[in-house]
Amino acid sequence: MDKAYEKQHDKKWQKFWDDERLAVPEVAHARHAAPLEKTFALLMPPPNVTGVLHQGHALMLALEDTLTRWNRMSGIEALYLPGTDHASIAVQMQVVKHLATKGIDHRSLGREGFLKECWDWINEYRPRIYGQVRSMGTNCDWERVKFTMDAELNKGVTHAFVELYKRGLVYRAEKLVNWSPKGQTVLSDLEVIFKEQKGHIWHLKYPLAHDPSQHIVVATTRPETMLGDVAVAVSPSDERYKHFVGKKIILPIVGREIPIIADEFVDAAFGTGAVKITPAHDFNDFEVGERHGFARLNIFTPEAKLVPNLPGKAAAWAGLDRFIARDKVVEEFQALGLLDRIEDHLNRVGTSERWGEIVEPYLSHQWFLKMDGMAARAAEAVRAKRIEIVPHEFHNQFMRWMENIHDWCISRQLWWGQQIPAYHCRKTGEVVVSETPPPASPKHDWVQDPDVLDTWFSSGLWPLTTLGWPNVKAEDLRKFYPTSVLETGFDILFFWVARMVMMCMEFVDEVPFKKVYMHPMVRDENGQKMSKSKGNVIDPLEIVEEFGADTLRLTLNGLCVQGRDLRLSTERLDFYRAFINKIWNATRFALMKSEGSTDRTWMKRPARVTHLHDRWILARLDEASRDLNKAWGEFRMQEAVDTLYHFIWSDFCDWYLECAKATREDSDNVVKHVLGEILKMMHPLCPHATEELWHGMPGVKIEESLLVQSFPQGEGFPDTEALAEFKFFQDLVGQIRTLKAESKVAPSKAIRIWIKDAGPLSQKVVESSRATLISMARLSDLSWGDAPAGAACTRFPVSAVEAGKTVEIVVPMSELKDLADEVDRLRKELSSFEKLASSQEGKLANKNFVDRAPPEVIDKEKIKLEEYRDKVAKIQSTLKQLEAQVKG
RNA sequence: GCUCGCUUAGCUCAGUUGGUUAGAGCGCUUCGUUGACAUCGAAGAGGUCACUAGUUCGAAUCUAGUAGCGAGUACCA
């Protein structure tokens with residue numbers, strides 16, 4: 001066996017799991033030691049097909065694979081289904097860019113030609129991301145892998161669209177949308193990122209038609225839109241403007257005459273109290289325009305340049321960019337003496353997520369999905385706890401979003417994606433929505449809608465389409481739907497999670513998953529977001545290369561707490577690598593004398609154990625496995641790791657193995673048994689290292705994977721006696737070690753002690769563990785009672801097994817170096833116990849406490865007081881003697 | 001603006017229904033290789049649990065408010 005844990009075993013075991021098909025739920029389940037009639041399903045949030053694995057993915061895979069392996073080992077038939085997303089916008093951008101480097105304008109290829117390029121691109125990159133997913137040791141079912149553009153999935157998407165259309169939920173309309181001038185496509189509300197930007201508010205004077213010497217001042221952050229103004233609105237209750245309502249204004253530059261109207265939407269207290277109305281370029285103004293029946297005057301081309309044919313002076317500005325037009329308008333107002341003033345203003349500007357430029361509210365014909373009904377049902381499912389969101393903080397966010405949702409614009413002016421199954425007749429203008437193209441006829445000349453669907457439309461169907469829907473009898477759908485857990489980052493709660501809930505509720509009237517677990521964001525050690533430009537990216541692939549997948553998985557799990565970002569650093573990775581190494585070496589130690597053995601008796605829990613530490617470690621094993629199962633059941637990932645860390649490192653290695661060195665072959669089977677259980681418990685986190693170690697255990701056959709062993713449930717009776725007795729043992733050892741350390745006596749120096757005042761139980765514990773105690777505390781001899789009269793001794797109390805009682809340890813001063821040091825030490829001890837005793841007395845003297853606290857709490861406090869008093873008395877008496885000697 | 005989260009040891013953080021002397025790792029101090037591990041072991045120092053008020057016999061934990069930081073979100077022209 002290697003002297004230290006190294007990651008060289010990763011590939012070997014990944015191949016082993018593949019070869020044995022242990023990620024296929026049916027196969028693994030059939031081979032499980034104790035299979036249950038239960039299923040677990042987790043669908044991997046599909047990474048972008050051309051993406052590169054980042055820490056967010058690594059965290060996702062680490063958590064999901066851990067949960068899946070844990071379920072599988074618990075005897076549950078577990079599906080972990082992998083896949084990738086076609087990422088319409090992202091991939092189209094990549095391919096366009098790629099073609100451009102070869103000097104090819106993608107438009108010149110035509111739609112078909114371009115799509116072929118996309119498929120070539122994808123076929124090249126898809127294996128890369130899959131390989132990266134595998135490198136984490138991800139035990140997902142590759143035989144079921146899905147891509148959102150697979151033929152069957154496309155069928156499902158088309159079916160869904162047509163069905164939603166039939167139900168009147170999908171509709172086409174001309175509305176104001178978020179338009180990306182750079183991308184030349186519409187975006188959904190979610191794809192618009194609001195950024196704070198320093199800007200200005202321009203106050204413009206609009207002259208009245210009947211008396212140009214009078215004017216109304218309007219304020220705007222976007223003066224160029226005045227070219228499309230159709231009215232000026234004031235608040236109906238605004239006395240300042242009451243007499244203007246119904247009058248007209250001559251719009252400067254373009255010379256159009258527009259009305260002054262009253263509308264409730266205007267806040268008289270804000271700005272000048274008068275608002276210019278531009279229905280074609282502002283969402284609020286659009287609403288006002290609809291209410292008043294105004295024309296929608298579009299002033300921009302799709303590239304956000306001024307259209308030709310604007311009236312007046314603006315006619316000459318055709319083709320100007322929107323921001324140049326802004327300057328022109330302001331200049332012109334200035335020249336006309338109509339610029340009232342300019343104020344600085346911090347405003348939030350909507351920018352496109354992909355291209356980064358400012359999004360333009362733009363009039364356009366698009367396909368929409370009606371949201372109100374679907375959102376209400378989704379919200380109801382969450383409210384009724386049919387879906388539990390963890391951490392719970394996201395529950396409210398989810399509900400709020402569902403309540404304020406707008407119809408979802410699902411069409412995109414792109415080529416890469418699912419083309420919308422709508423057919424327009426060039427002759428009659430009719431529109432037919434159908435899964436297959438309608439037949440051509442002399443009267444009808446059909447052409448398919450050129451737009452594709454928003455990527456998230458197909459993602460929203462992921463739980464259905466990956467399991468075989470729309471075939472409602474598909475076996476996977478029946479067996480694994482609804483899925484158990486959706487694990488993902490909170491950044492896509494609305495993009496994806498909410499849409500899945502809505503879509504699935506709509507189509508199968510059943511939630512897609514019972515629980516949603518939102519993992520935190522991975523940041524660098526200083527809490528900064530990782531980004532290439534900051535140069536603080538910790539590449540998971542490099543970590544896997546350097547530390548091994550197990551270390552990365554364990555680290556991410558170990559740092560994953562709810563409600564706080566996860567700060568990753570190489571320091572942490574070193575720490576968790578050391579943990580794996582510790583287990584590695586513990587195994588090395590346990591198996592030292594077992595080379596070549598095929599004895600499998602250790603696999604069963606030893607029925608009769610004699611030594612206290614053997615009983616204790618089995619009791620702790622039960623406790624730890626119960627805690628572990630509970631932690632994972634509640635997605636407390638760090639708590640699970642901490643439980644294991646403490647149990648393995650402190651309890652098993654530092655205490656148990658050290659004790660077992662004194663009892664040798666008596667403990668041999670317990671050592672191996674507990675170690676085997678530890679490997680099982682660690683396996684979901686560190687599959688490679690544990691599988692390697694497991695296969696080194698005596699008698700384990702090559703085909704016996706840890707993956708199909710029974711996960712420890714901690715169902716045994718908790719041996720609370722062993723726990724309490726060993727606590728006493730630990731205190732004894734600890735107190736003696738402290739004495740040595742503080743008396744500057746070498747730990748290796750064996751000293752002789754007496755134990756006084758022990759009750760029967762404490763005495764039994766010491767007697768039965770005599771050899772272990774002598775070895776752990778390094779004693780030369782251990783006797784009962786007091787040291788021979790006349791020998792100068794120090795004495796100190798240790799809490800006994802008997803509640804509230806103490807035993808006294810007697811050590812001849814001849815064993816120690818310095819009497820004064822010991823006096824100091826005891827004085828410190830005394831003062832701390834005196835404080836405890838007096839605060840305890842105060843508590844119990846409080847009538848309110850004694851009258852109102854539950855009796856068991858009071859009893860506990862009384863026992864404590866008894867113990868503190870006992871210790872105080874004992875130390876006082878020892879001190880008196882020692883102090884007398886110091887003086888003497 | 002609204003909503004939510006965070007504030008605990010020098011640093012990074014745990015702390016699950018309110019109840020032992022508030023924990024862990026790193027760092028620091030002292031000491032140490034008995035059959036695994038120096039990626040190790042033992043002992044120790046270090047905290048008025050952000051602040052204020054309240055509920056309670058009892059608050060790091062529950063409530064309200066304040067301050068600082070962060071996130072999400074809104075139509076302020």
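Order of the sequence lines fixes the chain letters, A, B, ..., with proteins taken first and strands second; residue numbering starts at 1 for each chain. Keep in mind it's a predicted model, so treat the numbers as computed, not measured.
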A.B. asks: Hey, which of these two, A:Phe589 or A:Pro747, hits RNA chain B nearer its 5' end, going by closest nucleotide?
C.D. replies: A:Pro747
A.B. asks: Taking only side-chain N and O atoms of A:Lys3, does any of them lie within less than 4.0 angstrom of OP1 or OP2 on B:A36?
C.D. replies: no
A.B. asks: Using a 6.0 Å cut-off, check whether atom CD of A:Glu595 has over 12 heavy atoms from anything other than its own residue.
C.D. replies: no
A.B. asks: When you look at A:Lys740 and A:Thr738, which way does the side chain to side chain donor-acceptor pair (under 3.5 Å) test go after all the steps?
C.D. replies: CA-CA 5 Å; A:Lys740 284 188 187 178; A:Thr738 305; over 6 Å; no
A.B. asks: What contact category does A:Val218 fall into here, base, sugar-phosphate, or nothing, at under 4.0 angstrom with non-hydrogen atoms?
C.D. replies: nothing
A.B. asks: Of the nucleotides B:A36, B:U39, B:G5, which has the atom closest to the A:Cys653 side chain?
C.D. replies: B:A36
A.B. asks: For A:Asn848 and B:U56, what is the distance between atoms CG and P respectively, to the nearest whole Å?
C.D. replies: 11 Å
A.B. asks: Considering only side-chain heavy atoms of A:Asn585, which listed nucleotide, B:A77, B:A36, B:A43, is closest?
C.D. replies: B:A36
A.B. asks: Report yes if at least one side-chain N or O of A:Arg564 is closer than 4.0 Å to OP1 or OP2 of B:U7; otherwise report no.
C.D. replies: yes
A.B. asks: Describe the nucleic acid contact of A:Tyr5 in one word from base, sugar-phosphate, nothing, applying a heavy-atom distance below 4.0 Å.
C.D. replies: nothing
A.B. asks: Taking the minimum atom-to-atom distance to the side chain of A:Arg572, which one of B:A36, B:C40, B:U12 wins?
C.D. replies: B:U12
A.B. asks: Check the phosphate of B:U29 against A:Lys744, side-chain N and O only, distance under 4.0 Å to OP1 or OP2. Yes or no?
C.D. replies: no
A.B. asks: What nucleic acid atoms does A:Thr221 come within less than 4.0 Å of, heavy atoms only: base, sugar-phosphate, or nothing?
C.D. replies: sugar-phosphate
A.B. asks: For a quick check of understanding: with a heavy-atom distance under 4.0 Å over all strands, which category does A:Arg636 fall into, base, sugar-phosphate or nothing?
C.D. replies: base
A.B. asks: Within the 4.0 Å heavy-atom criterion, would you say A:Lys630 contacts the bases, only the backbone, or no part of the nucleic acid?
C.D. replies: base
A.B. asks: Using the C1' atom in both, what is the distance from B:C76 to B:C2, to the nearest Å?
C.D. replies: 14 Å
A.B. asks: So, applying side chain to side chain donor-acceptor pair (under 3.5 Å) with A:Ser799, which one of A:Lys871, A:Lys805, A:Lys727 is it?
C.D. replies: A:Lys871
A.B. asks: So, do A:Leu573 and A:Ile543 sit near enough that their side-chain heavy atoms are less than 4.5 Å apart?
C.D. replies: yes
A.B. asks: Using the C1' atom as the point on both nucleotides, what is the distance between B:G47 and B:G15, in whole Å?
C.D. replies: 14 Å
A.B. asks: What interatomic distance, in whole Å, is found between C1' of B:C31 and the corresponding atom of B:A71?
C.D. replies: 48 Å
A.B. asks: If I pick the C1' atom on B:A14 and the same atom on B:U39, what distance separates them, to the nearest angstrom?
C.D. replies: 23 Å
A.B. asks: Check for me whether A:Arg825 meets the cation-pi criterion with A:Phe796, that is, NZ or CZ under 6.0 Å from the six-membered ring centre and within 45 degrees of the ring axis.
C.D. replies: yes
A.B. asks: Does the separation of the ring centres of A:Tyr5 and A:Phe579 fall below 6.0 angstrom?
C.D. replies: no
A.B. asks: Provide the distance between the two P atoms, one in B:G19 and one in B:U63, to the nearest whole Å.
C.D. replies: 15 Å
A.B. asks: Report which part of the nucleic acid A:Lys864 touches: base, sugar-phosphate, or nothing (heavy-atom distance under 4.0 Å, all strands).
C.D. replies: sugar-phosphate
A.B. asks: What nucleic acid atoms does A:Asn846 come within less than 4.0 Å of, heavy atoms only: base, sugar-phosphate, or nothing?
C.D. replies: sugar-phosphate
A.B. asks: Counting only side-chain heavy atoms from C-beta out, which of B:U34, B:A42, B:U21 sits nearest to A:Arg737?
C.D. replies: B:A42
A.B. asks: State which residue, out of A:Ile580, A:Leu552, A:Asp574, fulfils the side-chain contact (heavy atoms from CB on, under 4.5 Å) condition with A:Phe547.
C.D. replies: A:Asp574
A.B. asks: Ignoring the backbone of A:Lys582, work out which of B:A77, B:G25, B:C40 is nearest its side chain.
C.D. replies: B:C40
A.B. asks: Both atom distances under 3.5 Å, Watson-Crick or G-U wobble: I'd like the secondary structure of RNA chain B as a dot-bracket string, with | for pairs made across strands.
C.D. replies: (((((((..((((.....[...)))).(((((.......))))).....(((((..]....))))))))))))....
A.B. asks: For residues A:Pro279 and A:Val230, determine if any side-chain heavy atom of one lies less than 4.5 Å from a side-chain heavy atom of the other.
C.D. replies: yes
A.B. asks: One pair to check against side chain to side chain donor-acceptor pair (under 3.5 Å): A:His200 and A:Asp344. What are the steps and the verdict?
C.D. replies: CA-CA 4 Å; A:His200 304 284; A:Asp344 287 337; 3.1 Å; yes
A.B. asks: Without decimals, in angstroms, what is the distance between A:Phe575 CZ and B:A24 P?
C.D. replies: 12 Å
A.B. asks: How far does the P atom of B:A24 sit from the matching atom of B:U20, given to the nearest Å?
C.D. replies: 16 Å
A.B. asks: Mind checking the P distance from B:C26 to B:C62? Whole angstroms is fine.
C.D. replies: 30 Å
A.B. asks: So what does A:Pro391 touch, heavy atoms closer than 4.0 Å: a base, only the sugar-phosphate, or nothing?
C.D. replies: nothing
A.B. asks: Contact class for A:Ala741 vs. all strands (heavy atom < 4.0 Å): base, sugar-phosphate, or nothing?
C.D. replies: sugar-phosphate
A.B. asks: Describe the nucleic acid contact of A:Tyr868 in one word from base, sugar-phosphate, nothing, applying a heavy-atom distance below 4.0 Å.
C.D. replies: base
A.B. asks: Scan A:Glu742 against the nucleic acid and name what it touches under 4.0 Å (heavy atoms): base, sugar-phosphate only, or nothing.
C.D. replies: sugar-phosphate
A.B. asks: Compare side-chain N and O positions of A:Ser569 against OP1 and OP2 of B:U12 and report whether any pair is under 4.0 Å apart.
C.D. replies: no
A.B. asks: Distance criterion of 3.5 Å, no angle test: do you see the side chain of A:Lys593 paired donor-to-acceptor with the base of B:A36?
C.D. replies: no
A.B. asks: Report the C-alpha separation of A:Glu191 and A:Ser188 in whole Å, then their side-chain angles, then the decisive distance to 0.1 Å, and conclude whether the side chain to side chain donor-acceptor pair (under 3.5 Å) test is met.
C.D. replies: CA-CA 5 Å; A:Glu191 289 161 295; A:Ser188 72; 3.0 Å; yes
A.B. asks: Do any side-chain atoms of residues 630-640 of chain A form donor-acceptor pairs under 3.5 angstrom with protein atoms, and if so which ones, sequence neighbours left out?
C.D. replies:
from	atom 1	to	atom 2	distance (Å)
A:Glu634	OE1	A:Arg636	NE	3.1
A:Gln638	NE2	A:Gly558	O	3.1

A.B. asks: Taking atom C1' of B:U12 as reference, at what distance in whole Å does atom OH of A:Tyr576 sit?
C.D. replies: 11 Å
A.B. asks: Give one of base, sugar-phosphate or nothing for A:Asp654, where a contact means two heavy atoms less than 4.0 Å apart.
C.D. replies: sugar-phosphate
A.B. asks: Rounded to the nearest angstrom, tell me the gap between atom CD in A:Glu639 and atom C1' in B:G15.
C.D. replies: 9 Å
A.B. asks: Can you tell me how far P in B:C57 sits from the matching atom in B:C13, rounded to whole Å?
C.D. replies: 37 Å
A.B. asks: Select base, sugar-phosphate, or nothing to describe what A:His345 touches, counting heavy atoms under 4.0 Å on all strands.
C.D. replies: sugar-phosphate
A.B. asks: Can you figure out which of B:A43, B:U3, B:A74 approaches the side chain of A:Arg400 most closely?
C.D. replies: B:U3
A.B. asks: In whole angstrom, give the distance that lies between atom CD of A:Glu224 and atom C1' of B:A77.
C.D. replies: 13 Å
A.B. asks: Does the ring of A:Tyr656 carry A:Lys661 above it, NZ/CZ under 6.0 angstrom from centre and within 45° of its axis?
C.D. replies: no
A.B. asks: Whole angstrom is fine here: how far is it from CG in A:Asp491 over to P in B:G70?
C.D. replies: 19 Å
A.B. asks: Report the distance from atom CG of A:Asp731 to atom P of B:U21, rounded to the nearest whole Å.
C.D. replies: 15 Å
A.B. asks: Please state whether the phosphate of B:C13, meaning OP1 or OP2, lies under 4.0 angstrom from any side-chain nitrogen or oxygen of A:Arg567.
C.D. replies: yes
A.B. asks: What's A:Trp649 touching, base or sugar-phosphate or nothing? Going by heavy atoms closer than 4.0 Å.
C.D. replies: sugar-phosphate
A.B. asks: Nearest to the side chain of A:Val561 - B:A14, B:G44, B:G19?
C.D. replies: B:A14
A.B. asks: Whole Å only: how far is the CD1 atom of A:Ile648 from the C1' atom of B:U39?
C.D. replies: 16 Å
